[in-house]
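All values derive from a computational prediction rather than experimental measurement.
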Amino acid sequence: MTDGVPCLHQLDTPATADLLHQHGILWAPDIIVSAGGIVHATAVELHRETPAQATARLHGIADTLTEILSTARATGSTPAAAARARARHHTKHGRR
């Protein structure tokens with residue numbers, strides 16, 4: 001946990017996100033790109049949603065990743081920093 005926000009990456013250290021960014025390597029936080037299996041299983045198994053409803057939830061992951069990558073590009077930050085900022089915002093203000 002960093003600043004009250006869960007760690008959003010599977011890198012060896014948070015500084016590695018900066019190193020990748022400095023070398024022009026685009027990296028997406030693992031917590032986002034690996035969420036599909038958990039989201040789908042939860043939707044279908046626990047909430048008894050249809051496959052179509054579960055798929056709609058998966059499209060939300062793509063939207064989240066697109067937003068994070070766009071924010072990182074616009075602010076010149078890393079995707080990890082943009083994801084942390086988004087998580088902090090949602091923690092403080094709730095979801096959209």
Side-chain angles (χ1 to χ4, degrees):
M1 208 173 255
T2 304
D3 299 330
V5 176
C7 292
L8 300 174
H9 51 75
Q10 296 295 315
L11 300 174
D12 59 342
T13 69
T16 301
D18 295 325
L19 183 62
L20 292 171
H21 181 72
Q22 290 168 5
H23 288 280
I25 299 170
L26 180 61
W27 171 84
D30 184 67
I31 195 168
I32 298 165
V33 297
S34 296
I38 294 169
V39 168
H40 190 272
T42 301
V44 172
E45 299 297 325
L46 295 179
H47 298 290
R48 304 289 184 224
E49 293 181 359
T50 66
Q53 290 170 312
T55 298
R57 288 185 182 272
L58 297 179
H59 288 287
I61 296 169
D63 295 342
T64 298
L65 182 57
T66 298
E67 178 184 320
I68 287 168
L69 295 176
S70 294
T71 299
R73 178 178 288 142
T75 61
S77 67
T78 67
R84 276 193 305 275
R86 187 176 194 275
R88 281 190 198 101
H89 177 80
H90 286 313
T91 299
K92 186 175 181 178
H93 302 288
R95 292 206 174 269
R96 296 173 212 192

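- Atom CD1 of I38 and atom CZ of R57 lie 14.0 Å apart (nearest 0.5 Å).
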Run the side-chain donor-acceptor check on residues 15-26: report pairs under 3.5 Å with partners two or more places apart or on a different chain.
{"from": "T16", "atom 1": "OG1", "to": "D12", "atom 2": "OD1", "distance (Å)": "2.3"}
{"from": "T16", "atom 1": "OG1", "to": "T13", "atom 2": "O", "distance (Å)": "3.4"}
{"from": "T16", "atom 1": "OG1", "to": "T13", "atom 2": "OG1", "distance (Å)": "3.3"}
{"from": "H21", "atom 1": "NE2", "to": "G76", "atom 2": "O", "distance (Å)": "3.2"}

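- Evaluation of the ring pair (Phe, Tyr, Trp, His ring centres under 6.0 Å) test over residues 63-89, restricted to residues two or more places apart or in two chains, returns H89-H93.
- With sequence neighbours excluded, the residues that form a side-chain contact (heavy atoms from CB on, under 4.5 Å) with V33 are A28, D30, L65.
- Residues forming a side-chain contact (heavy atoms from CB on, under 4.5 Å) with A82 (at least two apart in sequence, or on another chain): I68, T71, A72, S77.
- Rounded to the nearest 0.5 Å, atoms CZ (R86) and OG1 (T91) are 11.0 Å apart.
- Every pair tested for side-chain hydrogen bond (donor to acceptor under 3.5 Å, both in side chains) that includes a residue from residues 37-46 fails, sequence neighbours excluded, so the list is empty.
- Distance check, rounded to the nearest 0.5 Å: OG1 of T78 to CG of L69 gives 10.5 Å.
- Scanning for side-chain contact (heavy atoms from CB on, under 4.5 Å) contacts around T66 gives S70, with sequence neighbours left out.
- Considering all non-hydrogen atoms of both residues, W27 and P79 come closest at O-CG, 3.0 Å.
- Scanning for side-chain contact (heavy atoms from CB on, under 4.5 Å) contacts around Q53 gives E49, T50, with sequence neighbours left out.
- Under the 4.5 Å side-chain heavy-atom criterion for grouping Ile, Leu, Val, Met, Phe, Trp and Tyr, V39 is not connected to V44 through any hydrophobic cluster.
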